[in-house]
There are 2 protein chains.
Amino acid sequence: MSTKERLVEAGLRLLESEGPESLNARKLAAEIGASTMTVYTHFGGMAGLYEALVRQAFVQFAQALAAVERTDDAVSDLLTLGLAYRDFASASPQRYRLMFGVTAPGSGIAAPHDLTEEGTPSGIPEASETFGELRKAVQRALDAGRIDGDDSVAIAAQFWSMIHGFVLLEMSGFFGTEGGGVTAVLAPHATNLLMGLGDDQAAVARSAQSARERFGDATTTTRPGPPTADVRRGPRPRTDRKRT
Amino acid sequence: MSTKERLVEAGLRLLESEGPESLNARKLAAEIGASTMTVYTHFGGMAGLYEALVRQAFVQFAQALAAVERTDDAVSDLLTLGLAYRDFASASPQRYRLMFGVTAPGSGIAAPHDLTEEGTPSGIPEASETFGELRKAVQRALDAGRIDGDDSVAIAAQFWSMIHGFVLLEMSGFFGTEGGGVTAVLAPHATNLLMGLGDDQAAVARSAQSARERFGDATTTTRPGPPTADVRRGPRPRTDRKRT
DNA sequence: AACCCTGCCGTAACTATGTTATGGATAGCA
DNA sequence: TGCTATCCATAACATAGTTACGGCAGGGTT
């Protein structure tokens with residue numbers, strides 16, 4: 001493995017094990033037994049190294065999503081993709097935050113997406129592959145007639161907003177600390193969105209059950225902890241329409 | 001105004017005008033004509049100052065949301081709340097990112113929410129007021145029979161996930177740079193979510209139109225820029241249900 | 001009136017971290 | 001052999017968070 005690759009590998013490993021504050025030139029260089037100059041030889045500076053970390057993280061992300069098996073139930077695939085998405089983010093929240101270019105005061109580090117030329121939606125081309133996986137799954141649900149619409153990009157963006165927001169709120173602790181947010185918030189949200197897009201309630205329920213089984217019980221295995229009454233769980237019962 | 005208040009005020013002002021990298025002790029102290037020691041006298045350090053900034057920003061946020069008028073159309077109120085939410089975030093993306101405790105590598109600054117004792121959903125009590133505004137609007141929609149369900153907290157969390165994710169993706173540039181994401185992504189998403197929650201299509205359309213009128217044309221006035229083909233715009237036409 | 005304590009603040013120094021200047025070592029090649 | 005490019009280490013520099021120390025004003029105590 002080249003020095004360049006070792007730096008990126010060590011960066012992602014340290015990020016997960018010791019937190020973002022350990023991502024500094026001296027500690028990183030010591031981790032691979034080199035001097036801080038290697039950062040400048042290979043990446044031009046810490047900003048370049050961060051960008052390389054983001055790219056590598058997005059490669060891992062795309063791989064994790066691509067590993068989700070494609071079945072003949074496009075909605076089940078879409079939901080399983082969502083569970084895999086959330087699992088990837090939960091596995092290393094620091095990595096996920098790094099990927100989406102969040103900045104903090106005091107660090108002279110701009111968001112990676114701000115480093116690129118104007119007009120580019122995202123400076124990280126690898127990021128678009130993540131969205132592409134989502135978009136293709138939506139397109140297959142459209143083709144199967146499960147949901148209505150003519151713009152898979154716009155619909156995929158809705159799913160992306162949903163899960164991106166959920167994941168970030170979850171890792172900020174707004175849904176409690178024991179991972180109950182998936183069944184209490186994310187799953188009902190996905191169900192509601194799919195039904196709003198035209199899918200049938202029973203079909204969604206079947207696909208959701210399928211996704212749960214495909215993904216195993218990994219959806220609730222974030223951290224063990226005492227149950228809280230923060231957010232009640234369970235799917236919301238559907239009733240008849242009450243029109244005003 | 002006390003030195004403490006002047007520091008917080010200057011911090012939020014500099015954050016908006018010169019970006020997060022200008023939020024350092026020396027520049028901040030110079031801004032109010034003092035030495036860096038004032039930061040330690042009043043806040044114990046930069047971390048304490050950041051926490052004060054977050055608290056103040058959440059106070060502003062709650063005020064902005066509370067300023068939305070409550071009408072007899074609870075869904076219109078909810079949608080208008082969403083537009084105000086997005087507008088607040090767009091007005092100062094750096095402030096919004098600061099509020100939600102995002103961390104960056106290289107800064108020794110932990111997320112504000114991580115600074116508190118274990119088990120607390122959020123270390124910033126002011127943040128819960130924001131969610132409370134959302135939850136009350138959802139409760140009124142439930143009471144009016146517009147949407148179904150028995151847990152306003154879980155439903156409000158879905159709306160929060162939606163708009164939080166949208167806002168962050170939008171400010172990362174994933175929906176283009178000219179603010180078309182609201183009509184292309186956020187509005188359809190809200191519509192779909194509401195319909196999934198049991199509201200009627202025509203009723204949602206009326207409430208959405210009402211919210212648009214109430215909020216004026218502020219929804220598309222982010223930044224002028226060349227049109228992009230990233231995400232197609234315009235509301236997705238609703239078609240008849242295609243049942244399998 | 002004299003004394004002392006407390007809070008607020010400035011000066012200066014200390015530490016950590018990103019960065020740069022400089023030079024050496026090695027590989028490849030003409 | 002000599003040249004060049006690449007990679008890398010040492011050391012120094014710049015910036016920013018932090019701390020040590022002392023001054024000063026205000027108020028209460030003796």
Side-chain angles (χ1 to χ4, degrees), chain A residues 1-15 17-54 94 97-98 101-112 114-115, chain B residues 1-15 17-54 94 97-98 101-112 114-115:
Chain A
M1 192 158 43
S2 70
T3 302
K4 202 168 176 176
E5 290 167 327
R6 281 196 301 153
L7 263 181
V8 172
E9 186 274 335
L12 288 178
R13 183 162 38 80
L14 278 186
L15 177 64
S17 63
E18 302 190 22
E21 68 278 358
S22 69
L23 275 192
N24 59 69
R26 282 168 176 81
K27 189 167 293 189
L28 222 41
E31 185 74 14
I32 67 165
S35 78
T36 61
M37 261 307 292
T38 59
V39 174
Y40 297 88
T41 299
H42 292 289
F43 300 99
M46 288 305 291
L49 175 57
Y50 290 136
E51 183 174 327
L53 289 176
V54 172
Q94 301 297 347
R97 291 209 236 230
L98 175 69
V102 290
T103 56
S107 77
I109 305 154
D114 294 345
L115 297 178
Chain B
M1 192 160 38
S2 72
T3 302
K4 204 167 176 176
E5 289 168 328
R6 282 196 302 152
L7 264 180
V8 171
E9 186 273 336
L12 287 178
R13 184 162 37 80
L14 279 185
L15 178 65
S17 62
E18 303 189 21
E21 65 279 358
S22 70
L23 275 193
N24 59 70
R26 283 168 175 82
K27 189 167 295 190
L28 221 41
E31 186 73 14
I32 68 165
S35 77
T36 61
M37 262 307 293
T38 58
V39 174
Y40 298 88
T41 300
H42 293 288
F43 300 99
M46 288 304 291
L49 175 56
Y50 291 138
E51 183 175 328
L53 290 177
V54 172
Q94 303 297 348
R97 292 210 235 230
L98 175 70
V102 291
T103 55
S107 77
I109 305 154
D114 295 345
L115 296 178

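Everything numeric in this text was worked out from a predicted model, so none of it was measured. Naming convention: chains lettered A, B, ... in sequence-line order (proteins, then strands); numbering from 1 in each chain.
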Less than 4.5 Å apart, any side-chain heavy atom of Leu49(A) and any of Met46(A)? yes

Candidate nucleotides dC9(C), dG18(C), dA9(D), ranked by approach to the side chain of Met46(A) - the nearest: dG18(C)

How many angstroms lie between atom NE2 of His42(B) and atom CZ of Arg6(B), to the nearest 0.5 angstrom? 9.0 Å

Sorted by chain and number, sequence neighbours left out, salt bridge (Lys or Arg N to Asp or Glu O under 4.0 Å) with Glu18(B) holds for none

By the 4.0 Å heavy-atom rule, please label Met37(A) as base, sugar-phosphate, or nothing. base

Between CG of Leu28(A) and OG of Ser22(A), what distance do you get to the nearest 0.5 Å? 8.0 Å

Indicate yes or no: at least one non-hydrogen side-chain atom of Leu53(A) is less than 4.5 angstrom from one of Leu23(A). yes

Integer-rounded Å distance: dA16(D) P and Leu49(B) CG: 15 Å

dC8(D) OP1/OP2 closer than 4.0 Å to side-chain N/O of Thr3(A): yes

What is the nucleic acid contact for Thr38(A), judged by heavy atoms within less than 4.0 Å: base, sugar-phosphate only, or nothing? sugar-phosphate

Heavy atoms from C-beta onward define the side chain here; which of dT19(C), dG18(C), dG17(D) lies closest to that of Tyr50(A)? dG18(C)

For atom CZ of Phe43(A) and atom P of dT19(C), their distance in whole Å: 13 Å

To the nearest 0.5 angstrom, please state how far the CD atom of Gln94(B) sits from the OG atom of Ser17(B). 11.0 Å

Counting side-chain heavy atoms from CB outward, which of dC7(D), dT18(D), dG10(C) is closest to His42(A)? dC7(D)

Round to a whole Å and report the spacing from OH of Tyr40(B) to P of dC14(C). 16 Å

Counting heavy atoms from C-beta on, name the nucleotide in dT17(C), dA12(C), dG17(D) closest to the side chain of Asn24(A). dT17(C)

List in numerical order all residues of residues 26-34 of chain B for which some heavy atom is under 4.0 Å away from an atom belonging to DNA chain D. Arg26(B)

